[in-house]
Amino acid sequence: MPETRAITGNGAIAEAMRQIAPDVVAAFPITPSTQIIEDFAGFVADGKVDTELITVESEHSAMSACIGASAAGGRVMTATSANGLALMWEMLYVAAGMRQPILVAVVNRALSAPINIHCDHGDSMGARDAGWIQIYAENNQQAYDNMIMAPAIAGHADVRLPLMVCLDGFIISHSIETMQLEEDRQVQAFIGEHKAFHSLLDTANPSSWGALDLHDYYIEHKKAQQVAMANAKPVIEEVSERFGKEFGRRYELFESYRLDDAERVVVAINSVAGELKEVIDELRDEGEKVGLLKIRVFRPFPYAEIAAALKNSKIVTVLDRSTSMGAYGPLFVEICSSLYDANPRPMLYSRTFGLGGRELLLDDIRDLFEESKRYLNEGKIEKTSDFLNVRGG
Amino acid sequence: MSKYFEVRWHGRGGQGTVTGAKSLAEAVQGTGKCVSAFPDYGPERRGAPVRAFDRFSDSRIRIHTPVLSPDVVMIVDTTLIGGKGLVEGAGESTIFVVNTERNAAETKELLSLTTQPVYTVPANSISYRLFKREIPNSAMMGAFARACPEVISLEALVAEAEKIFAHILAADLVGKNIEAIKCGYDEVQTA
Amino acid sequence: MPKLQEMAKKKTAFSSGHRLCAGCPVPIFTKMLTRVTDYDIVVGSATGCLEVASSIFPYSAWNVPWIHTAFENAAATMSGVEAMARVRSKRNGNAKKIKCVAIGGDGGTYDIGIQALSAAMERGHDLLYICYDNGAYMNTGIQRSGATPLGAATTTTPAGQVIAGKQQQRKDLSKIMVAHHIDYVAQASIHDPIDLSEKIKKGIELDGPAFLNILSPCVPGWRINPDMAVESASLAVETCFWPLYEVDSGDYTVNYKPGKKRPVSDWLLTQGRFRHLKDPQWAHLIDEFQSLIDEQWDWLVAQEKKA
Amino acid sequence: MSEKYGLKNWQELALGGVITDGGNAADYETGTWRTWRPLWRQESCINCLRCWVFCPEGAFVLKDGKTPAGKDRKEIKQIDYYYCRGCGLCVRECPVNKKGKKKAIEFVREET
């Protein structure tokens with residue numbers, strides 16, 4: 001029987017890992033993702049899951065061991081945050097280039113310096129070009145659901161790419177929320193068998209992994225990777241649909257919340273969507289045509305689908321929870337790209353919020369919608385890009 | 001207050017305040033409500049003031065922001081009184097549940113409260129009696145049930161707590177914690 | 001015991017057609033990997049000469065399953081492979097046991113890879129780590145490493161007017177590995193194929209972590225002729241710069257003791273990288289080098305006596 | 001371009017840059033690097049296999065043979081010049097050569 005439980009986001013991810021029952025997990029603790037591996041180590045110690053847990057000495061080695069185990073034919077997972085993900089950086093590209101469907105729970109946290117343990121998306125956004133599928137979650141339920149869908153997406157024959165399930169540090173990872181945990185048997189049936197290819201343990205057919213690839217082949221391998229990423233889009237839709245049929249919770253590449261007739265739209269990622277929905281409902285009650293487009297899949301980025309979803313919008317506010325120094329926020333850049341060909345093209349501007357865990361309260365969100373109303377009425381955007389809730393303006 | 005019933009806990013690192021908020025949420029969850037619970041995380045360690053929050057609702061809880069206008073304030077350590085933020089955002093009918101040996105009227109005065117109902121419970125002495133040490137959580141939960149029966153009844157709290165504690169505690173401690181909940185409930189004074 | 005005749009009957013792990021430098025002695029040991037044992041093996045390489053030259057896409061010289069992921073992590077990558085091999089054994093008791101071998105140069109082992117190596121050994125993976133020590137980052141064009149000997153000229157420690165090559169003595173990685181209390185640590189040299197093959201066999205076949213440090217002269221890096229690698233390695237052993245020894249469950253055995261220890265200058269001055277030491281102003285460096293070797297050799301022999 | 005060099009299109013490559021036929025470097029000719037050529041003399045060879053074990057190219061080809069006492073053994077058959085890079089290690093390390101009277105492996109300049 002599915003079980004309704006109040007459980008932390010990290011706890012939910014650990015439960016998903018137990019149900020997926022990977023062959024190998026290699027991990028190193030880092031706040032706020034640590035509890036995932038602690039809980040999972042408990043499952044291993046209690047014999048609830050038959051996984052080889054490698055407690056490595058760094059995240060670089062965690063990802064390296066994951067790649068080794070995956071190339072040896074295993075289903076492989078890990079979890080990390082912020083500086084840990086940064087230490088994996090080199091190996092993220094290797095995992096993707098080697099087409100290993102490794103699964104990572106990224107509990108989003110700000111990167112140093114100054115050091116900070118709280119949520120922003122600087123870690124996973126920095127890894128957006130590493131060749132990993134990135135799926136984001138608004139709450140504990142979505143983080144769990146995304147993780148359950150992850151093996152089927154990453155391991156799909158047309159895809160074969162590593163995948164990050166991203167959830168907000170502390171806000172989601174450490175909050176207990178009411179959610180539904182599905183039955184082990186049903187989850188395992190949904191996930192299906194892991195299919196390895198050219199396993200290193202197939203000593204009768206020796207394969208060589210990680211060869212030196214020069215100008216005569218490198219770009220062909222990169223093209224194949226880009227095509228696999230494009231293939232991931234319909235596969236994510238297909239797996240999400242199957243998930244909806246199986247478990248009753250439906251997901252798309254992004255969530256459209258009261259968007260159809262919305263004139264003023266906010267585009268955002270992860271937990272802040274909850275607060276946005278709350279305020280949007282209030283404003284709708286007051287007759288305001290406001291809506292939300294919440295990104296779920298950031299890589300591959302659904303450009304055309306987003307353009308279609310925003311076709312009736314008049315002004316779009318993009319909320320980035322990370323910043324690209326010397327450039328616009330990563331989400332804003334993608335939304336601009338999506339809307340370049342739109343006719344008419346909505347007014348567009350960018351707001352960066354929440355770096356290092358700075359709160360964005362419901363009143364702040366009301367102010368945000370006030371601002372977009374003013375811009376729309378005046379037909380002019382005052383500041384294309386700005387930080388929210390920062391002292392000194 | 002809107003559709004969310006919100007609780008704010010004030011305690012010190014090491015007193016089990018965060019666990020108290022989480023256990024209460026789990027118990028309320030067991031009655032069929034949607035819940036969320038989360039602490040205010042910082043680098044603080046044992047002894048530093050900490051806050052934790054609960055939200056209860058009949059429908060899905062979407063927001064993650066800290067509780068600014070609490071329906072209930074749980075004060076686990078009275079040495080925090082006079083410090084920052086204990087009465088912040090409290091409305092006229094915000095309930096205060098305080099772990100103290102003082103009587104309720106005195107406590108109300110200490111907190112400079114007027115209209116707000118105050119429930120006191122000697123959770124530390126209950127804890128000493130039962131555990132020979134200071135773990136006031138369970139008694140505080142009992143006091144919560146006394147103060148807010150519309151959120152959770154004593155019977156429901158006891159039934160849910162038994163299940164929750166069975167996962168994390170040895171059998172004898174489960175019994176003692178249930179006893180602590182009941183004592184907390186029984187020994188409440190009001191003003 | 002793997003004599004040459006017995007090894008000759010078995011297939012090699014490492015094919016011809018690789019693109020290592022002419023005269024590079026590294027294949028002496030890579031060709032042996034499957035000739036010394038009946039186990040199936042999987043090999044992982046750190047980035048380096050061997051990795052690059054053995055796997056230029058679409059060609060691979062590896063007749064056994066092989067993986068390279070990066071420079072600093074051969075031990076970590078193979079930890080994952082080894083864990084997966086254990087999963088396979090757990091699921092299928094009849095599956096043929098697979099042994100794991102990681103290989104790195106001194107750059108990937110002494111320096112950038114030491115963290116991953118140390119941790120993999122501490123975790124106790126069933127893994128033989130082989131370092132082929134040629135005393136510098138040869139793959140990128142001869143930059144100094146933690147294994148570069150005192151006084152050696154490299155492109156980052158050139159022999160100049162006022163500084164004569166590397167100013168520090170090399171670190172003793174084998175000793176560091178002994179401190180991990182693993183079952184087997186050994187030093188071997190490419191010039192002694194019998195001793196070398198026995199050590200590879202032991203390292204592969206024991207159940208648990210093992211470390212083998214192989215002296216492997218580099219033709220361009222040592223500035224020697226392409227036919228000199230074996231002779232140069234032999235001189236390193238005769239001068240006791242590179243003692244052949246093994247530490248088996250903590251017990252030291254010195255596998256070769258030269259009848260008469262030759263002066264280190266016999267080895268140094270046959271290599272272009274030490275040519276500047278012939279200048280009388282640097283004579284004291286040779287003396288310093290000699291006393292370091294004497295001290296370390298005496299220490300080693302004393303360890304054996306203790307056992 | 002692909003036709004000219006016989007290179008494969010991206011669709012034809014194995015996933016992740018894996019080389020599925022390990023050991024295929026044996027197709028690659030390194031003999032073109034050679035400027036000096038070792039010449040193996042069967043009549044002087046004592047079949048110690050030192051050239052075989054040291055040869056970095058694996059260029060010494062073996063065959064089945066017998067010892068003078070009639071025991072099975074592996075013997076040198078020939079040098080495979082498809083691979084031999086002419087480093088001269090075999091020439092220098094040959095124990096027959098080291099004795100100096102006659103040579104089991106001679107070293108000669110490649111003709112231009």
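Every value quoted in this text rests on a predicted model; they were computed, and no experiment measured them. So that the names make sense, note that chain A is the first sequence line, chain B the second, and so on, each numbered from 1.
Heavy-atom distances place both the backbone and the side chain of D:R73 under 4.5 Å from chain C. With a threshold of 4.5 angstrom between heavy atoms, D:L49 approaches chain C through its backbone and through its side chain. Interface residue D:Y83: only side-chain heavy atoms are found under 4.5 Å from chain C. Neither the backbone nor the side chain of D:C84 comes within less than 4.5 Å of any heavy atom of chain C. Contacts between D:W52 and chain C at a heavy-atom distance below 4.5 Å involve backbone atoms as well as side-chain atoms. With a 4.5 Å cut-off on non-hydrogen atoms, C:S60 touches chain D through its backbone and its side chain both. Neither the backbone nor the side chain of D:V91 comes within contact range of chain C; no heavy atom of the residue lies under 4.5 Å from a heavy atom of that chain. Within the 4.5 angstrom heavy-atom criterion, only side-chain atoms of D:E93, from C-beta onward, approach chain C. Contact of C:I190 with chain D is made through the backbone alone, with heavy-atom distances under 4.5 Å.
The two residues D:L62 and C:A8 have their closest heavy-atom pair at CD1-CB, 3.6 Å. Scanning both residues, D:C87 and C:G23, for their nearest heavy atoms gives CB-N, 3.2 Å. Here the closest non-hydrogen pair linking D:N47 and C:Q5 is O-NE2, 4.4 Å. For the residue pair C:S15 and D:G23, the shortest heavy atom distance occurs at OG-O, 3.6 Å.
C:K11 NZ: 12 or fewer foreign heavy atoms inside a 6.0 Å radius. Annotation for D:K71: atom NZ does not count as buried by contact number, only 12 or fewer foreign heavy atoms lying within 6.0 Å. The neighbour count for D:E43 CD, taken as heavy atoms of other residues, nucleotides or ligands under 6.0 Å away, is above 12. Other residues, nucleotides and ligands contribute at most 12 non-hydrogen atoms within 6.0 Å of the NZ atom of D:K102. The number of heavy atoms from other shown groups lying within 6.0 Å of CZ (C:R275) does not exceed 12. More than 12 heavy-atom neighbours from other residues, nucleotides or ligands sit within 6.0 angstrom of NZ on D:K74. Within 6.0 Å of NZ on D:K101 lie no more than 12 heavy atoms contributed by other residues, nucleotides or ligands.
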- Decide side-chain contact (heavy atoms from CB on, under 4.5 Å) for C:F57 and D:I19; before the verdict, give the C-alpha distance in whole Å, the side-chain angles of both, and the deciding distance to 0.1 Å. CA-CA 7 Å; C:F57 194 88; D:I19 297 166; 3.7 Å; yes
- Message: For C:M32 and D:V53: C-alpha separation, side-chain torsions, deciding distance, then whether side-chain contact (heavy atoms from CB on, under 4.5 Å) applies.
- Response: CA-CA 9 Å; C:M32 267 180 200; D:V53 79; 4.0 Å; yes
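The main-chain N or O of C:L20 is found under 3.5 Å from a side-chain atom of D:R85 such that the two form a donor-acceptor pair. Remark: the backbone N or O of D:E57 is paired with a side-chain donor or acceptor of C:S16 at under 3.5 angstrom.
Chosen from D:G22, D:P56, D:G88, the residue pairing most often with chain C at heavy-atom distances under 4.5 Å is D:P56. Heavy-atom pairs under 4.5 Å with chain D were tallied for C:I56, C:T12, C:I28; the largest tally goes to C:I28. Counting heavy-atom pairs closer than 4.5 Å to chain C, the top-ranked of the candidates D:Y82, D:F107, D:F54, D:W33 is D:F54. If you tally non-hydrogen atom pairs under 4.5 Å between each of C:H18, C:H191, C:E231, C:K9 and chain D, the highest count goes to C:H18.
Atom CH2 of C:W62 sits about 14.0 Å away from atom CG of D:N24, to the nearest 0.5 Å.
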Return a table of donor-acceptor pairs under 3.5 angstrom between the side chains of residues 39-46 of chain C and protein atoms on other chains or two or more places apart.
from	atom 1	to	atom 2	distance (Å)
C:D40	OD1	C:K96	NZ	3.1
C:D40	OD2	A:T203	OG1	2.8
C:S45	OG	C:W66	NE1	2.8

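C:D227 is not listed as a side-chain neighbour of D:W36, based on a closest heavy-atom distance of 4.5 Å or more.
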